[in-house]
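In the text below, chain A, chain B and the rest are named by the order of the sequence lines, each starting its count at 1.
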2 protein chains.
Amino acid sequence: MSNTTPAAPEAPAAISGSGQGTPAFSPLYQQIKGLILQSLQAGEWKPGEAIPSEMELAARFRVSQGTVRKAIDELAADNLVVRRQGKGTFVATHAEQHVQYRFLRLLPDTGDASEEGPAQRSIIDCKRVRASADVARALQLRTGDAVLQARRVLAFAGTPTILEDIWLPGQAFKGLTAQQMASYPGPTYAMFEIDFGVRMVRAEEKLRAVLPDTAQARLLGVDCATPLLSVERIAYTYNDVPMELRRGLYRTDTHHYRNALN
Amino acid sequence: MSNTTPAAPEAPAAISGSGQGTPAFSPLYQQIKGLILQSLQAGEWKPGEAIPSEMELAARFRVSQGTVRKAIDELAADNLVVRRQGKGTFVATHAEQHVQYRFLRLLPDTGDASEEGPAQRSIIDCKRVRASADVARALQLRTGDAVLQARRVLAFAGTPTILEDIWLPGQAFKGLTAQQMASYPGPTYAMFEIDFGVRMVRAEEKLRAVLPDTAQARLLGVDCATPLLSVERIAYTYNDVPMELRRGLYRTDTHHYRNALN
DNA sequence: AAGTGGTCTAGACCACAAC
DNA sequence: TTGTGGTCTAGACCACTTG
């Protein structure tokens with residue numbers, strides 16, 4: 001099938017951009033990727049479920065299996081789907097992922113994370129508030145819009161290590177309770193998927209070294225002169241829509257933030 | 001060409017691992033990737049140069065162009081090679097890269113890095129020393145082996161922002177001088193490539209929040225109560241051989257460390 | 001016009017998982 | 001045995017760069 005002979009009901013295939021300037025050529029597999037992405041966003045297949053086989057998708061979009069394959073290759077590289085030979089291709093999920101915390105880069109200095117086990121969570125606070133200017137900007141809301149704010153402490157092996165403030169858009173997370181945050185077994189992001197249909201696909205972090213205020217120091221069991229790693233994270237769903245702002249303070253006396261540069 | 005009918009002089013192709021246990025099946029394109037990697041390590045093509053075309057490599061290794069293509073795709077994904085349509089495939093280099101500092105994640109809080117221009121480097125110190133236990137461990141040397149140690153300050157827009165201590169294996173960097181570190185235009189990693197034939201292909205960083213000692217504070221123009229971001233980086237050449245240990249202190253009052261999580 | 005990487009196809013066969 | 005993803009091939013054509 002050539003890029004200039006599209007057709008097919010399900011496949012708006014081909015057709016370059018109609019804008020001015022560059023003709024905006026887009027390869028077929030990119031267009032297919034976009035169509036699959038739309039289905040993912042629309043919830044046609046839920047997290048953890050299998051998407052149709054490559055042959056089925058090829059038939060649906062009237063392209064060759066190889067073209068579908070390349071589209072799925074990119075979705076897999078973006079961690080939106082997971083391929084399993086002999087079984088199928090599955091929508092990625094924060095639950096049932098062998099890495100417990102996909103976005104958490106804090107590791108113990110000695111041994112590995114599996115030794116210290118899962119974090120103990122203590123919810124300090126969870127309430128509805130109006131968005132301040134900076135929270136609104138981060139979540140692309142208006143100042144004063146309803147947001148959910150939570151504060152919690154994560155402890156490893158009994159030692160409080162992370163203090164987090166979390167802001168969520170009130171609209172999408174209506175009804176979220178402190179009870180829910182505290183009692184859900186597994187990653188919080190998995191709860192967001194299951195209870196609210198919000199799947200975080202990527203995140204950006206800004207790191208700084210800071211000193212805690214007295215309240216923060218007390219919650220982490222350190223004094224006000226102990227430097228802490230400040231981690232501001234914005235997590236995004238599909239389409240680069242921000243759905244969570246998280247400000248964390250990490251103790252780095254027994255742990256460190258690991259980053260791989262490629 | 002099937003995986004069970006190898007042959008060809010240049011292509012030890014196929015042939016699964018001879019070890020016990022799993023037959024260690026390895027796809028052809030992985031083997032081709034390994035062969036190209038060997039040529040890169042051996043310096044058959046220097047950084048910035050073009051490698052042979054896909055057709056040439058296909059002929060050399062007696063495989064189809066598509067198989068070579070998949071091998072090069074992975075090398076490009078690893079940033080070992082850069083593809084340029086219509087021109088060829090080139091060995092990646094730290095020079096002539098549009099991102100000035102490939103491994104530096106520190107950005108100014110306002111505006112972008114291009115506005116504040118290149119860093120001003122001040123070499124504080126550069127001498128041969130014997131490796132301490134922890135430096136030796138990081139560089140996979142023996143305690144007491146000769147290493148080169150340098151200390152420098154990077155300033156942006158006149159403000160000292162980064163203090164770095166750098167350790168390099170004495171063997172590979174014989175003859176490196178403070179003058180050379182100070183006067184080379186462009187990234188230090190580019191100088192390593194050109195003057196010493198050492199190309200860094202990836203790095204790992206451990207981040208912590210710390211307080212500086214008096215000497216460190218003085219060099220950065222801050223007081224001893226100012227928390228700083230400690231960044232310990234180990235940079236690797238081909239084959240996961242560590243070739244540099246770098247301990248940096250970053251001021252995060254005007255800059256932040258940015259990280260993307262996917 | 002020639003050469004390079006980029007896309008797309010169709011078909012064969014392999015490895016893996018489940019029935 | 002069947003169906004899934006994974007590999008490999010051969011050939012056609014497109015897009016970009018250079019002479």
Response to the item:
Glu54(A) CD to dG11(C) P, in whole Å, measures 17 Å
Worksheet item: Between dT4(D), dC8(C), dC8(D), which nucleotide gets closest to the side-chain atoms of Ser64(A)?
Response: dC8(C)
Worksheet item: Under the ring pair (Phe, Tyr, Trp, His ring centres under 6.0 Å) test, which residues partner Phe156(A), sequence neighbours left out?
Response: His255(A)
Worksheet item: Just how far, in rounded Å, is C1' of dA10(C) from CZ of Arg62(A)?
Response: 18 Å
Item to complete: For the helix from dA1(C)-dT18(D) to dA18(C)-dT1(D), figure out the bend between the end axes, five pairs an end, and round to 10 degrees.
Response: 10°
Discussion item. Assuming nearest nucleotide by heavy-atom distance, tell me which of Gly88(B) and Tyr29(A) is located more 5' along DNA chain C.
Written reply: Gly88(B)
Worksheet entry | By side-chain contact (heavy atoms from CB on, under 4.5 Å) - contacts of Ser39(A) (at least two apart) | Glu44(A), Trp45(A), Arg60(A)
Item to complete: Select one nucleotide: of dT9(C), dT9(D), dG5(C), the one nearest the side-chain heavy atoms of Leu28(A).
Response: dT9(C)
Item to complete: With sequence neighbours excluded, give me every salt bridge (charged side-chain N to carboxylate O under 4.0 Å, His left out) pair touching residues 96-107 of chain A.
Response: Arg84(A)-Glu96(A)
Practice prompt. Using atom CZ of Phe90(A) as one end and atom C1' of dG3(D) as the other, report the distance to the nearest whole Å.
Written response: 12 Å
Discussion item. I need the NZ-C1' distance between Lys33(A) and dC8(C), as an integer number of Å.
Written reply: 18 Å
Discussion item. Please report the distance, rounded to the nearest Å, between CD in Gln30(B) and P in dT7(D).
Written reply: 8 Å
Worksheet item: In chain order, what residues pass the side-chain contact (heavy atoms from CB on, under 4.5 Å) check against Ala92(A), with sequence neighbours excluded?
Response: Val82(A), Arg199(A)
Worksheet item: Taking only residues two or more places apart in sequence or in another chain, which ones pass salt bridge (charged side-chain N to carboxylate O under 4.0 Å, His left out) with Lys206(B)?
Response: none
Discussion item. My understanding is that only residues two or more places apart in sequence, or in another chain, count here; which of them pass side-chain contact (heavy atoms from CB on, under 4.5 Å) with Ala76(A)?
Written reply: Val81(A), Arg83(A)
Worksheet item: Once you round it to whole Å, what is the distance between P of dT2(D) and CE of Met55(A)?
Response: 16 Å
Return the polar atom pairs (N/O with N/O) between nucleotides 1-3 of chain C and the protein under 3.5 Å, or none.
residue: dG3(C); atom: N2; partner: Gly86(B); partner atom: O; Å: 3.0

Fill in: Pairs where residues 71-93 of chain B contributes a residue and the test ring pair (Phe, Tyr, Trp, His ring centres under 6.0 Å) is met, not counting sequence neighbours
none
Response to the item:
Quick note, side-chain hydrogen bond (donor to acceptor under 3.5 Å, both in side chains) partners involving residues 85-95 of chain A, not counting sequence neighbours, are Thr93(A)-Glu193(A)
Fill in: Sorted by number, the residues of residues 67-75 of chain B with heavy-atom contact under 4.0 Å to DNA chain C
Arg69(B)
Item to complete: Would you please name every residue forming a salt bridge (charged side-chain N to carboxylate O under 4.0 Å, His left out) with Arg202(B), sequence neighbours left out?
Response: Glu204(B), Asp240(B)
Worksheet item: Pick one: which of Tyr101(A), Phe103(A), Tyr236(A) meets ring pair (Phe, Tyr, Trp, His ring centres under 6.0 Å) with Tyr189(A)?
Response: Phe103(A)
Item to complete: Assign the ring pair Tyr257(A) / Tyr257(B) to parallel, tilted or perpendicular, where the plane angle (0 to 90°) is split at 30° and 60°.
Response: perpendicular
Worksheet item: What is the distance, rounded to the nearest whole Å, between atom CD of Gln65(A) and atom P of dA10(C)?
Response: 11 Å
Worksheet entry | Distance test, side-chain N/O of Arg83(B) to OP1/OP2 of dG6(C), below 4.0 Å | yes
